Amino acid sequence: MNIATLIFYVLGFVVQASALTVAVSKNLVRSIFMFFVTLFALAGLYVYALADFVAVTQIVVYVGGVLVLMLFAFMLSNREVLNNLQERNSRFFSIQKVPAILVAVLFLLILVNAIIKADVDNMAWIKISAQNNNVIQPADNMVPNMGVNLMTRYLLPFEAVSILLMMALIGAAHLARKEEHKFQ
Amino acid sequence: MITLTNFLLIGAGLFAIGIYMVLAKRNAIQVLIGIEFILNAAILNLVAFGKYDKLYNSGQTFALFAIVLAGAAAAVALAIILNVYKQYKTIDPNKVEKLKD
């Protein structure tokens, strides 16, 4: 086992462990900061899948955008949001959560079973892709190719996403504005 | 050797944790974090398979689209959560049960 494989397993473990910490943590702010750790470790895993541009985008959009937005949403909203989160889950938490744990564990078993049965490393199109030298190598620079593809082959989804982003921007600004008479 | 199966197994674990958070959490912001976990598991799978498409980069391109959509969804969801708090004084999804008051 060389050092790269070791780092990969460490990153995978960090993803799982920090996601579990987020899931079981009672303190909301702590779970958000552990969410940071999960996202950074996931960006590292994207680098291992040779998708460095996606990794950088993950850090910029999630850590720079979504998490700061979540933190601001607390701090700008009422302080009671933070308070009434923490008092509630003091007792009987395990009994109420048994169905959710059951569903999640069963889903995990089904997924793991399906992944192992599918034997993805020996699938036909992956073999063909490896034969045709169509696999990204670690030394390749994929960013120019991605830019060209984004502007030619994937132009329609690109434009659709741009329109949807503008709709989301207008919608979020409309929802978050301060106007009292809207709710009466 | 890092194989595709390793990526998919990590994604499966993340997906299960996201499902648990969406079902069990009694706080809309933590439910939102669970949805982000599910989206990230999907993005991890896209990126892992995208390694085998050097010519068109389909996996990585759609991973980018998914990241952008997740960001937009988080912004709208947080705005909705703030509005729900303004009206109901709670963000427990179990207590928000009226469409109109």
Side-chain angles (χ1 to χ4, degrees), chain A residues 5 8 12 15-16 19-20 22-23 28 31 35 42 45-46 48-51 53-54 57-58 61 65-66 69-70 73 77-78 81 84-85 88-89 97 100-101 103-104 107-108 111-112 115 120-121 126 129 134-136 142 145-146 149-150 153-154 157 161 164-165 168 171-172 175-176 183, chain B residues 1-10 12-17 19-21 23-24 26-27 29-30 33-34 36-37 40 43-44 47-48 50-57 60-61 63-65 67-76 78-83 85-87 89-92:
Chain A
T5 317
F8 176 82
V15 168
Q16 303 289 325
L20 262 182
V22 171
L28 185 56
S31 78
F35 188 42
L42 269 172
L45 288 183
Y46 297 166
Y48 269 92
L50 302 180
F53 187 68
V54 180
T57 313
Q58 161 101 351
V61 172
V66 173
L69 203 65
M70 280 182 180
S77 69
N78 222 319
V81 178
N84 71 5
L85 298 173
R88 186 166 302 137
N89 37 18
K97 287 174 182 167
I101 292 172
V103 170
F107 240 108
L108 181 64
L111 278 177
V112 167
I115 288 167
V120 283
D121 293 299
I126 284 176
S129 157
N134 200 10
V135 183
I136 301 175
M142 274 294 117
N145 191 22
M146 258 175 93
N149 273 325
L150 206 58
R153 191 178 164 86
Y154 302 117
V161 158
L164 194 134
L165 257 187
L175 280 172
F183 297 115
Chain B
M1 186 60 197
I2 302 165
T3 59
L4 258 179
T5 312
N6 296 19
F7 283 104
L8 297 192
L9 287 179
I10 291 172
L14 203 61
F15 184 84
I17 293 172
I19 287 275
Y20 166 74
M21 285 187 76
L23 290 176
R26 316 190 56 192
N27 170 1
I29 295 174
Q30 277 173 314
I33 293 178
E36 300 289 331
F37 276 158
N40 264 304
I43 294 169
L44 184 62
V47 162
K51 187 182 169 187
Y52 294 91
D53 188 7
K54 184 180 177 179
L55 195 56
Y56 295 126
N57 277 323
Q60 297 187 13
T61 312
L64 280 183
F65 289 148
I67 289 176
V68 168
L69 291 185
V76 174
L78 282 171
I80 291 174
I81 287 171
L82 285 185
N83 269 341
Y85 179 73
K86 246 190 263 174
Q87 199 162 6
K89 298 293 172 221
T90 176
I91 51 172
D92 186 347

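Here the structure is a predicted model, which means the values were calculated and not measured. We name chains A, B, ... by the order of the sequence lines, and we start the count at 1 in each one.
- Both the backbone and the side chain of A/V54 have a heavy atom closer than 4.5 Å to some heavy atom of chain B.
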Practice prompt. Check the pair B/F65, A/L150 against side chain to side chain contact (heavy atoms under 4.5 Å, CB included), reporting the backbone distance first and the verdict last.
Written response: CA-CA 10 Å; B/F65 289 148; A/L150 206 58; 3.8 Å; yes
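- Interface summary for chain B: among A/S129, A/S31, A/A23, the most heavy-atom pairs under 4.5 angstrom belong to A/A23.
- Evaluation of the side chain to side chain donor-acceptor pair (under 3.5 Å) rule for A/Y46 yields B/N40 as partners, not counting sequence neighbours.
- Residue contact with chain B, scored on non-hydrogen atoms closer than 4.5 Å, involves the side chain of A/N149 exclusively.
- For A/L50, the parts sitting under 4.5 Å from any heavy atom of chain B are the backbone and the side chain alike.
- Nearest heavy-atom pair, A/I136 versus B/G50, reported as atom, atom and distance to 0.1 Å: CD1-O, 3.8 Å.
- With a threshold of 4.5 angstrom between heavy atoms, A/L108 approaches chain B through its backbone and through its side chain.
- B/F15 touches chain A through its side chain: at least one heavy atom from C-beta onward sits under 4.5 Å away, while N, CA, C and O do not.
- Interface remark: B/L78 contributes side-chain atoms only to the contact with chain A (heavy atom separation under 4.5 Å).
- Residues satisfying the side chain to side chain contact (heavy atoms under 4.5 Å, CB included) test with B/V76, not counting sequence neighbours, are A/A168, A/A172, A/L175, B/I80.
- If you measure heavy-atom distances from B/L8 to chain A, the contacts under 4.5 Å come from both the backbone and the side chain.
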